[in-house]
Structure formats: structure tokens, C-alpha cells
Visitor: 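Take a look at the following structure, please.
Every chain is numbered from 1 and lettered A, B, ... according to where its sequence line falls, protein lines coming before strand lines. These numbers come from a predicted model, not from an experiment.
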Amino acid sequence: MAQMAAEGKQPDVLFWVGCAGSFDDRAKKITKAFVKILHQVGLSYAVLGTEESCTGDPAKRGGNEFLFQMQAMMNIEVLNAYEIKRIVTTCPHCFNTIKNEYPELGGEYEVVHHTQLIQELIENGSLTIQGGAFKGKKITFHDPCYLGRANNVYDAPRSLMQKLDAELVEMKRCRTNGLCCGAGGAQMFKEPEKGAKDINVERTEEALSTGADIIATGCPFCNTMMTDGIKSKEREGDVEVLDLAEMIAQAQDL
Amino acid sequence: MGVPNLIFLVILLGAFGLFGKNLMRIRRNILLGRDVDRTDQAGKRWYTLFRVALGQGKMVTRPIAGFLHILVYAGFLIINIEVLEIVLDGLFGTHRLFSVLGGTYDTLIACFEVLALLVLVSCAIFLVRRNVINIKRFGMKEMSGWPKSDANLILIFEIVLMSALLTMNASDAVLQARGFGHYVTAGSFPVSEFIQPIFSGLTDDSVFAVERITWWFHIIGIFGFLNYIIVSKHLHIMFAFPNTYYSNLEAKGRFTNMEAVTSEVKMMMDPTADPFAADAGGEEDAGVFGAKDATDLNWVQLLNAYTCTECGRCTSECPANITGKELSPRKIMMDTRDRIEEIGSNLDKHGADYIDGKSLIDDYISREEIWACTSCNACTQACPVNIDPLSIILDLRRYAVMEESSAPTELNMMFTNVENNGAPWQMPAADRLNWAEEE
């Protein structure tokens, strides 16, 4: 972004990569897949790179409001300095925080989740998808809480799966009743409290019971949790956990 | 005005007086909470009230319980017209005052009878669900003891009241048929006509006695129930309306930004700010950060607690609870109510300066519970009256973190990472763009 600004250019959209997308090896693949899609459609985008910092989501949900607001104010200063208008992110937690919690602190942007942007690109004809790679595959979609219940985005990810010609098999607990993967509320960064079972295992069992070949999701943390769940069930050989951006990129042979 | 009317008036005033006193006590307790502004978006708030409370919009997600609940709810709303008639009759010594409505009255009474039967049957099914089928959410540990008895008592109360109403109607109809006294022919009795044969062998005076006894029993029972409701979880029949009106209208994912923190953070980030100037001007004490006790919560959260009818839909959807963790969102609400009740009664008994040394956190809600939450909003989604247990959990976490620095160790490490590296992991900010170079 700094480079673009130096050249006096303004991107159509700022891609907020997020900490998982920047540092987590699995999530980095999602980042790269999404960037490939952006390149293919020729959308002008920028990333903040080293100027990006945690949105503060895990600090806020963990009860550390001070740290959250420090992060928020710093990020807002950077975003406002670059006069950012539109932000896309592959992480529902970043999406929710910037969209809902930044405006009151002075950061007002149009924020979209990457599944929404891809849907938009398909609808305006910039991106066409041949379903080839996923034709006839059974796919179940795990609703990320911070995309679904938190922000009522249920249809954008599902519309992408339709475009892939895949067979969508819903879990019993889906959409507004979707069961959390277990990572939210800063749980990602701590061991779960003691109980009978890990939440991701419960959710993975439900996903597996649909007989799906692929568990699709739209959140790097859900991805981690479901991937771990699949491993604990020793099903990594025949069931994949994929982000929708990865599926679209694969279908396009990107 | 005859003696029975005077007695009735005294009972009526006593019942409403006691009810009013308790209602004001609850109002006082709720207002012990912090202030929060929910006066915005009146239109949307009324819409929410009509859709969620009046229209039972969220009940039907569970079809069986939802349907039966709508029957009882409709019965409650509509049968109140008859209660009004009974109250007026009691005050003025009239009998079936509304019978002047003629054919409309017959239809009304017929409707009341059918509804009464439906309420009776629904309540019986509810009792079976709670005590015979043992549906899981009714048998969890926070439901043992009083909450279980409370639920059963409410159902039994309603069954008894409806039975009294139908028996009263049956004996009344028999007296009407016999042309006894002032029993004018009025009403239509599609349900209680099946009870009438019981009275066929009785003398006029005996049937009259039955009619009077059931009349008094029914109306005194209603006054009793009114005063039971106010100290029971059944309060939701009234509080559901204000509770939905004042409920959170923002996106569920949006957590409040604490204003007290905003001003401090702005101060820290603005090199030109004069910290002393602000101190002198703004001496308004924000109290503790987050919530240690029930009085640190805002009044909407306390209204939530009084509204909760312990149905347990939140808990049965909670991922933490489903997987055997200690957390139960329903218990969060029950604990909050119990604690604010305790604080209120301390206030009444010992005055404002009394400190009982207890707090909502630890004495009622454990650390294990608050740290098991994934903030997934399943509980707020599931609640049929828009109660928000998540906001209470968050406020307790805020207290634990910002006042006590007592977050779980791993979270403290995460906070440190965010603070130092701008990421929850120990990764240098300089590596943020490395993904672009990797293949």
C-alpha cells in the first residue's frame, strides 16, 4: 500500500490479510488463493504489509478492551491516512471487528468478506467459473460464527458452491443454528476448559456424518479447527478442509 | 355494595397492592445497574417487540414446544377478557356482566372454553415433558431444586385454574338450565357441557354452592398466581415485552466499545493532550472496568435476568455446554438474577452501606464458566425473548483482565504478543508480507 500511495494511486479495494493469513502456514494458502483470484480479474488491490497489525479481536473477546482499542486506533490511523474506502478480508473476525467496532472509533469503511467480493465479481461478469474440479463432489459448509450469526452472511458462500456445480449437503446445525468450531472468543489461543469433548471434534463428527468429501469454510480459524478435527478422526486421507477461495482458485486452475 | 363485594374489593386491592410492591422492588433492583441508552430507533424496537414477544417469532424454531406455547400464550391473552368480567362482577355484584353482548358473548365464552381446554392439555404435556420424558435441557444441574419445582408449580397452577374455570362454567350452565336465581341464560359451553352431567343429581343449592366456590377459587387463584409470578421465573409473561423492546439491535458480532477506555486510549495516543486537564474536568468515575458484581452490569442486562424463564434453549445450543464444559448461559442469567435479588434484599434489610463481601464472579459464576465461552452467539440467537448472556460473560472477563490481570496464562501470552508484535502469535511484524514471496 505504501508503494501505491507513493505512486499516487488508490486501489479499488484494500485486502486486509489478517494475522492468520499472514503467519499461519495453512491460512497463508488461503491468502495466496484469494490473491490469485484478485489477479485474475485484474482488480486493483493493495495490502498494508508490515503496516497491518492485529485488529484487536482476540484481545477484545478475551476481555482486554485497552489492548483492543490501542490496536484499533493504530489501525484506523493507518487506514485513514491512506484514505481507504473499501476493505476485503478473508477472516470473519477481522471482517466483524473492522465493520462493526471500528466505525465508532473513527474508522468507517465498506467492509466485505472475500466470499461476498467473489460473489460480486461473478455477478458482474468479471469472474466466470467452470465447476469441473468439484463437479458432483459432496461439500458441506461450516458457517463461521462471525460471518453467519454475527453478521448474517449465509448466502454468499453458498452461492459460490452452487457455481462450482458441487452438491451442497447441509449439516443439521447450519446457518443461524450453526455450531461453533470452538476457536472464537479467544479460545483459539488457549486450551479449552475441561469437558467431555473438544468442540471441534463435535463439529467435525457432524460434518463427517453428512458424508461430504470436502468441508468448506470461510475462516482461517475454523479451517484450523476442522482440520485438527479431521486429523483426530484420522480422516485426512479422504476428507479435505478447504476455504472457498481455495476452491474457486482450484476450479480455475490458478 | 354487599358484603361479598366488599370482601372482593379488599382481596383485589390486597392482591394488586402486593403485586405492585414487588414490581417496584424489582424495578428498583434493575435500576441498580449501570445506565445504558436504549431510547434510539423506536420504530425498530416496536417492530422487535411485536415480532419476537407478541408474535412469538423465535418460539417456533422448535415446533412442538413452540406450538404448545402459543396455545398457552393465546389462552392467557384471551381468557383475560373473562377475568376482567369476573373482576367487574365481583366488584359490582353483577353476574356475567358482558352477557349484554348477546351472540358475541356466546362466541366469546365458547372461545374461552376451547382455549382453556387447550391450555390445560398443553400444560399437561409440558408436565410430561419435564417429568416423564425428561428432556435434557430441563434436567441440567442448575435446574435442580427450586427451579424445577417452580416450573412444575406454574404448570399445576395453570391446570388448576383452567379446571376451576370449566367447573364454574358447567355449574353455571346447569343453574341457567334450571332457571335458578339470577342465572340468566348466557354463554355457550362447548367444553364444560361434558362436565355438566356430574351435577345432574345435585340439588339447586348444592350446584349453587359449587358455582360460588369455583368462582371464588378461580379468581382468588388468579390473584394468587399474579403474586406468584412476580417472585417466579414466570415473570417472562410480562417482562418479555420490555425486554425485547430494549434488546440489542446491533449486529450480534458487534461488542460495545467501552467509552472510559476510549478516552484513556485517545489520551495515550495524542501527544498534545494534557492529562491533568482531563483529570480535573472529568471526575465522573467509571467504576470498575467490566463487571465484578451484578450492580456493575447495565440495567438491560438485569432486566434480561428477571425476564429469563429458564427454558434452556440457550444452553442446549451452547457449544461449550454441549461438549461438557461448566458453562451454561442459562445459569449465567439465573445467577445474575439471584445475585441482584440478594443485593436488593440486603439493601432492604441492612441499608445502602452494607457490604456482604460477595460478588457475582466467584460466588455465583466461576472463572471456568466465563473462560469456556467461544462468543459464538448461539445463546443470543436461541433466546426466544432476546436475552444476551454473552454480554455478561464479556463484562466478567473484562473485570478479570483489566482489574485483576487474571486472564488464563495463555491469553496473557496472546495479549503480550498482540502488544509487542501486532499479532496473537510470537511472529515479528516484519514477516507479515512473507507469504507473498513464498511458493
Visitor: Would you mind checking which part of E264(B) comes under 4.5 Å of any heavy atom in chain A, side chain (CB onward), backbone (N, CA, C, O), both or neither?
Guide: side chain
Visitor: Side chains of Q426(B) and N417(B): donor-acceptor distance under 3.5 Å anywhere?
Guide: no
Visitor: Measuring heavy-atom distances to chain B, does Q71(A) have an atom under 4.5 Å in its side chain, in its backbone, in both, or in neither?
Guide: side chain
Visitor: Among residues 141-148 of chain A, which residues come closer than 4.5 Å to chain B, judged by heavy atom distances?
Guide: C145(A), Y146(A)
Visitor: Can you confirm whether M1(A) sits close enough to V78(A) that some side-chain heavy atom of one is under 4.5 Å from a side-chain heavy atom of the other?
Guide: no
Visitor: Cut-off 3.5 Å, side chains only: do E246(A) and Q250(A) have a donor facing an acceptor?
Guide: no
Visitor: Name the region of A407(B), side chain, backbone, both or neither, that has any atom closer than 4.5 Å to a heavy atom of chain A.
Guide: neither
Visitor: Check each atom of M268(B) against the heavy atoms of chain A and say whether the ones under 4.5 Å are side chain, backbone, both or neither.
Guide: side chain
Visitor: Is T409(B) close to chain A through its backbone or its side chain, or both, or neither, when contacts mean heavy atoms under 4.5 Å?
Guide: neither
Visitor: Mind ranking M73(A), M74(A), Q69(A) by heavy-atom pairs under 4.5 Å with chain B and telling me who comes out on top?
Guide: Q69(A)
Visitor: Picking from G290(B), A372(B), C318(B), which has the most non-hydrogen pairs under 4.5 angstrom with chain A?
Guide: A372(B)
Visitor: Would you check if the distance from the ring center of H114(A) to the ring center of F95(A) is below 6.0 Å?
Guide: no
Visitor: Less than 4.5 Å to any heavy atom of chain A: does that hold for the side chain of N257(B), its backbone, both, or neither?
Guide: both
Visitor: Quick check for you: among A72(A), A59(A), C180(A), G62(A), which has the greatest number of heavy-atom pairs under 4.5 Å with chain B?
Guide: G62(A)
Visitor: Heavy atoms only, distances under 4.5 angstrom: which of T380(B), T256(B), T61(B) has the most pairs with chain A? Name it, please.
Guide: T256(B)
Visitor: Where on W425(B) is there a heavy atom nearer than 4.5 Å to chain A: the side chain, the backbone, both, or neither?
Guide: side chain
Visitor: Using a cut-off of under 4.5 Å on heavy-atom pairs, state which of A320(B), A429(B), C373(B), P408(B) scores highest against chain A.
Guide: C373(B)
Visitor: Could you verify whether a donor N or O on one side chain and an acceptor N or O on the other, from N151(A) and N96(A), lie under 3.5 Å apart?
Guide: yes
Visitor: Given E142(B), which partner from the list R137(B), K331(B), R330(B) fulfils the salt bridge (Lys or Arg N to Asp or Glu O under 4.0 Å) test?
Guide: R330(B)
Visitor: Out of V265(B), L411(B), T323(B), which one racks up the most heavy-atom pairs below 4.5 Å with chain A?
Guide: T323(B)
Visitor: Select one option (side chain, backbone, both, neither) describing which atoms of E65(A) are under 4.5 Å from chain B's heavy atoms.
Guide: both
Visitor: Here's one to test your reading of the geometry: is the NZ or CZ of R61(A) within 45 degrees of the ring axis of F255(B) and under 6.0 Å from its centre?
Guide: yes
Visitor: With a 4.5 angstrom heavy-atom cut-off, which part of M258(B) approaches chain A: side chain, backbone, both or neither?
Guide: both
Visitor: Contact between N223(A) and L242(A) at the side-chain level, heavy atoms closer than 4.5 Å - yes or no?
Guide: no
Visitor: Between V47(A), N64(A), L48(A), which residue shows the highest count of heavy-atom pairs closer than 4.5 Å to chain B?
Guide: N64(A)
Visitor: Charged N to carboxylate O under 4.0 angstrom, K28(A) versus E438(B)?
Guide: yes
Visitor: Testing the 3.5 Å rule here: is there a donor-acceptor pair between the side chains of T336(B) and Q301(B)?
Guide: no
Visitor: Would you check if the distance from the ring center of F34(A) to the ring center of F15(A) is below 6.0 Å?
Guide: yes
Visitor: Is any side-chain N of the basic residue among K325(B) and E369(B) closer than 4.0 Å to the acidic one's carboxylate O?
Guide: no
Visitor: Distance alone, cut at 3.5 Å: any donor-acceptor contact between the side chains of N177(A) and K172(A)?
Guide: no
Visitor: When you check the gap from the basic side-chain N to the acidic O, do D155(A) and R175(A) get nearer than 4.0 Å?
Guide: yes
